Amino acid sequence: MTATIVVQPPLAGVKPYKSLANEELHARISAVRAHFGPQLLLLGHHYQQDEVVELCDLRGDSYQLSQMAADSSACRHIAFCGVHFMAETADILANRPEKLSEREGQRVRVMLPDLAAGCSMADMAGIEQIEDAWDQLSAVIDTERLIPVTYINSAASLKAFVGRHGGIVCTSSNAKAAIDWAFSHANDGKGGDRVMFFPDQHLGRNTALGMGITNDQMPVWNPHAEELGGNTEAQLTDSKVILWRGHCSVHQMFKAEHVALFRKNHPGIKILVHPECPQEVFELADVSGSTGAIIKAVQAAPAGTKWAIGTELHLVNRLKQEHPEQEIHFLSPVMCMCATMYRIDLAHLCWTLENLAAGTPINTIEVDPETSRWSLVALERMLQVR
Ligand code: 13P
Ligand code: SF4
């Protein structure tokens with residue numbers, strides 16, 4: 001005999017869910033998942049807390065999650081356990097024109113269980129600031145030959161700007177390929193003279209240094225400076241890559257002295273970091289790469305390998321649990337966790353899913369058609385370069 005699934009009616013707001021025990025929340029969420037079957041997809045980023053990640057159908061880094069949303073076919077609802085820009089990207093990719101026609105116009109609803117789960121880095125590059133920077137730059141350099149590249153950690157409005165200006169989106173796993181593309185294949189094969197990289201200066205700098213571009217050729221644009229982002233005209237005309245002054249508050253906390261301390265106290269240790277870390281940390285590391293690449297490096301290492309890992313705390317703790325045969329340390333003595341991603345908890349997820357089941361959906365992310373259209377131009381380029 002099969003058990004009957006009982007989906008509970010939604011409670012009034014998220015507050016009452018906060019007082020439920022995790023076991024109950026887990027059971028209520030599982031009931032909604034069973035009710036929708038393959039029509040509901042729970043996507044989770046690797047930085048998400050354990051109890052949420054356990055419930056996700058698919059887990060990945062930013063690139064993998066974009067691909068999952070782009071490829072989804074049976075699903076009609078995505079609950080995105082990540083941050084705002086990821087849910088926007090999922091909405092754009094899952095509802096792109098060919099997918100909509102396959103589904104005879106039916107949209108996939110993308111929900112972010114807590115709408116306050118933003119990304120501080122993405123917030124450092126507002127669209128008005130970008131447009132102002134572009135206007136100022138056009139007085140100094142030929143912006144027709146300046147190719148914008150934005151990290152996926154950015155608002156859809158910035159991705160649309162990049163799409164309109166012949167540019168490309170990248171993730172931490174294909175930033176080099178995206179910058180290469182900008183110099184060689186952008187604008188139908190002509191390529192650009194220079195690149196403007198948004199919003200993470202560290203990912204932009206670390207990647208471009210690896211391509212032989214020097215710091216002298218990479219001025220940083222400060223959107224709060226009076227004029228020319230705090231640069232001279234000569235700095236801008238001599239540039240190859242103009243970096244936006246943005247950073248990840250999590251990865252910026254790893255320091256060169258943390259690396260030195262681990263090397264001193266644990267001879268033979270390997271330092272493994274995300275490219276959102278500052279240059280001095282990135283350059284001292286033995287291995288670096290996107291979240292997905294960090295996981296692969298640990299999975300591939302022999303038992304007894306010693307690591308100090310510089311990326312988000314939840315992921316490092318999960319790696320420790322999943323690889324007891326290796327010695328894994330967190331690179332910083334202070335907690336570096338993504339506080340906004342952490343906002344997505346079982347209470348918010350349950351609240352969102354029970355409202356969906358009751359036909360009163362909440363926390364929906366829907367990017368307007370014009371922004372989606374242009375963002376998609378830049379996102380499709382991202383999915384093509386590796
Ligand atoms: P990846 O998932 O591309 O490694 O990026 C890490 C990150 O900061 C997500 O916001
Ligand atoms: Fe944004 Fe950093 Fe959190 Fe990633 S880890 S979502 S870049 S604040």
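Counting starts at 1 for both ligands and their atoms, in listed order. All values below were derived from every heavy atom in this structure, side-chain atoms included, with hydrogens, water molecules and symmetry-related copies excluded. Values in this document were obtained by computation on a predicted structure and should not be read as measured data.
At a heavy-atom distance under 4.0 Å, no atom of Glu312 approaches ligand 1. Contacts of Met121 with ligand 1, taken as heavy-atom pairs under 4.0 Å, are absent altogether. The residue Tyr63 has no part lying near ligand 1, judged by heavy-atom distances below 4.0 Å. Residue contacts with ligand 1 for His46 are absent, since no atom lies close enough (heavy atoms, distance under 4.0 Å). The part of Asn153 lying near ligand 1 is the side chain, judged by heavy-atom distances below 4.0 Å. Proximity of Met86 to ligand 1, defined as any heavy-atom pair under 4.0 Å, is confined to the side chain (atoms from C-beta onward).
Atoms of ligand 1 lying under 4.0 Å from any heavy atom of Phe85, numbered from 1 in the order shown and given with element: 10 (O). Those atoms of ligand 2 with a heavy atom of Asn153 less than 4.0 angstrom away are 4 (Fe), 7 (S). Taking every heavy atom of Ser62 and a limit of under 4.0 angstrom, the matching atoms of ligand 1 come to 1 (P), 2 (O), 3 (O), 5 (O), 9 (C).
The aromatic ring centroids of Trp374 and Phe161 lie 6.0 Å or more from each other. Between Tyr17 and His348, the gap from one ring centroid to the other reaches at least 6.0 Å. You'll find the ring centres of His329 and His266 inside the 6.0 Å limit.
Around the CD atom of Glu227, the shell of radius 6.0 Å holds no more than 12 heavy atoms that belong to other residues, nucleotides or ligands. Annotation: Arg245, atom CZ; neighbour count of heavy atoms from other residues, nucleotides and ligands within 6.0 Å does not exceed 12.
Residue Cys248 does not count as close to atom 1 (Fe) of ligand 2, with no N, O or S atom under 2.8 Å.
Under a hydrophobic clustering in which Ile, Leu, Val, Met, Phe, Trp and Tyr are joined whenever their side-chain heavy atoms come within less than 4.5 Å, directly or via other members, Val281 and Met218 fall into the same cluster.
Taking 4.0 Å as the cut-off, His45 does not count as a neighbour of ligand 2 on heavy-atom distance.
For Gln67 and Asp71, the side-chain atoms include no donor-acceptor pair closer than 3.5 Å. Between the side chains of Ser101 and Glu98, no donor-acceptor pair is found at a separation under 3.5 Å.
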